[in-house]
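First the proteins, then the strands, lettered A, B, ... as listed; each starts at 1.
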2 protein chains.
Amino acid sequence: MNGRFAISMHILTLLTKANGDWVTSDFIAGSININPVLVRKEISNLRKKGLVVSREGKNGGTMLAKPASQIRVSDVFLATNQGTVLGNARNSPNPDCPVGRQINRHLDSLYQEAEEALVRNLGTSTLDDFVHRFD
Amino acid sequence: MNGRFAISMHILTLLTKANGDWVTSDFIAGSININPVLVRKEISNLRKKGLVVSREGKNGGTMLAKPASQIRVSDVFLATNQGTVLGNARNSPNPDCPVGRQINRHLDSLYQEAEEALVRNLGTSTLDDFVHRFD
DNA sequence: AAATCTGTAACTAATAATATTACAGTAATG
DNA sequence: CATTACTGTAATATTATTAGTTACAGATTT
């Protein structure tokens, strides 16, 4: 797992607080304290997922594509999460062993169910709810 | 996240199927298809958590410390999982930004709630249930 | 005493995550 | 229409994490 979910939440929080203004990747990068290119990459992903819109050129930037109350935290999770949260399973168990032959299949279904529970939980709050936690 | 949970589940599945026999780390390593030292490292952790017991010397090995029906999958998760599942947050946001100053605290509580949901889900099945999925 | 295990430490290799550089493209503005 | 201030993205470099290996001491059975 990497820090992409945290970065995306940070970006979206700033955009929510900007309240309709275009926010630059440099400003965002300054708040997260990471390289602006990483911010733009992450914004590029959020844009593909329909969560934000960007404008190029001078006075350009990014803003939310829809009200923060219509973005669930789980949407952000699903937008940034590439694989499973429980492990990346780059193993290749022994196919000659009855356990090795089947385990990945069983683990996968276990992972899937658990991840669904996690996503359900994240689906109970919106970006707006999250931003309200801030002073 | 790494593959430690998968490795531990694999180890414990083999121990369950061994049904009270001592199982060697070499045999386990052969099924998982990884280095025996990694297996012993992982077993060392499971032993500390009270899930398995080991015996040194010839004819030694490892077995379950208690019946598979008394080990919940969440026990294994909690035994192998070091930090959070949602990200490793090795960022250090700008303390001069109102959002940067607070975000890690708010993300942490979000993570915690979500992870609790995940653990609750993993707590609904035992190692025995898992092993029963195999043919 | 020999054989067969575990238990670790120390080190190396591979992979993944993050950061950086560079530069083309777009739009506003004087 | 040149300048400025942005986005977008590719290519590369660096750092961190994970996995694998070697080496060897200690335990226990036979």
Q: Give a yes/no answer on whether the side chain of B/Arg47 brings an N or O atom under 4.0 Å of OP1 or OP2 in C/dT6.
A: no
Q: Check the pair B/Val23, B/Met63 against side-chain contact (heavy atoms from CB on, under 4.5 Å), reporting the backbone distance first and the verdict last.
A: CA-CA 6 Å; B/Val23 184; B/Met63 62 164 68; over 6 Å; no
Q: Examine the side chains of A/Ser109 and B/Arg133 and answer whether a donor and an acceptor come within less than 3.5 Å of each other.
A: yes
Q | Between P of C/dT21 and CG of A/Asp26, the distance in whole Å | A | 14 Å
Q: Start with the C-alpha gap between A/Ser31 and A/Leu14, add the side-chain angles, then the distance that decides, and say whether side-chain contact (heavy atoms from CB on, under 4.5 Å) holds.
A: CA-CA 9 Å; A/Ser31 172; A/Leu14 291 170; 3.8 Å; yes
(Q) Can you tell me if B/Glu116 has over 12 outside heavy atoms packed within less than 6.0 Å of its CD? (A) yes
Q: Would you check if B/Thr126 and B/Val73 make a side-chain contact, meaning some heavy-atom pair closer than 4.5 Å?
A: no
Q.
With each end axis built from five pairs of C1' atoms, what bend angle do you get for the helix from C/dA1-D/dT30 to C/dG30-D/dC1? Round to 10°.
A. 10°
Q. Could you give the CG-to-P distance, from A/Leu46 to D/dT7, as a whole number of Å?
A. 14 Å
**Q.** Side-chain donor/acceptor of A/Thr124 to backbone N/O of A/Asn121, under 3.5 Å
**A.** yes
Q: Would you mind reporting whether B/Glu42 and B/Thr80 have side-chain heavy atoms less than 4.5 Å apart?
A: yes
**Q.** Whole-Å gap separating C1' (C/dC5) and CH2 (B/Trp22)
**A.** 12 Å
N/O contacts under 3.5 Å, protein versus nucleotides 27-30 of chain C?
| residue | atom | partner | partner atom | Å |
| --- | --- | --- | --- | --- |
| C/dA27 | N3 | A/Lys58 | N | 3.4 |
| C/dA28 | O3' | A/Asn59 | ND2 | 3.2 |

Q. Which parts of residues 33-45 of chain B get close to DNA chain C, meaning a heavy atom less than 4.0 angstrom away?
A. B/Val37, B/Arg40, B/Lys41, B/Ser44
Q: Evaluate whether atom CZ of A/Phe134 has more than 12 neighbouring non-hydrogen atoms of other residues, nucleotides or ligands under 6.0 angstrom away.
A: yes
Q. B/Met63 has an atom CE; how far is it from atom C1' of C/dT6, in whole Å?
A. 15 Å
Q) Contact class for B/Ser25 (heavy atom, under 4.0 Å): base, sugar-phosphate, or nothing? A) sugar-phosphate
Q: Quickly work out the B/Ile32 CD1 to D/dT18 C1' distance and round it to whole Å.
A: 15 Å
Q.
Under a plain distance cut-off of 3.5 Å, with no hydrogens placed, do B/Asn45 and B/Lys41 share a side-chain donor-acceptor pair?
A. no
Q. Are A/Arg72 and A/Asp75 ion-paired here, with the side-chain N under 4.0 Å from a carboxylate O?
A. yes
Q | Below 4.0 Å: OP1/OP2 of D/dA19 and any side-chain N or O of B/Arg4 | A | no
Q | Pairwise side-chain contact, A/Phe5 with B/Tyr111, heavy-atom cut-off 4.5 Å (strictly under) | A | yes
Q | B/Asn81 CG to D/dT18 P, straight-line distance once rounded to whole Å | A | 11 Å
Q. Rounded to whole angstrom units, what separation is found between the CZ atom of B/Phe5 and the C1' atom of D/dT18?
A. 18 Å
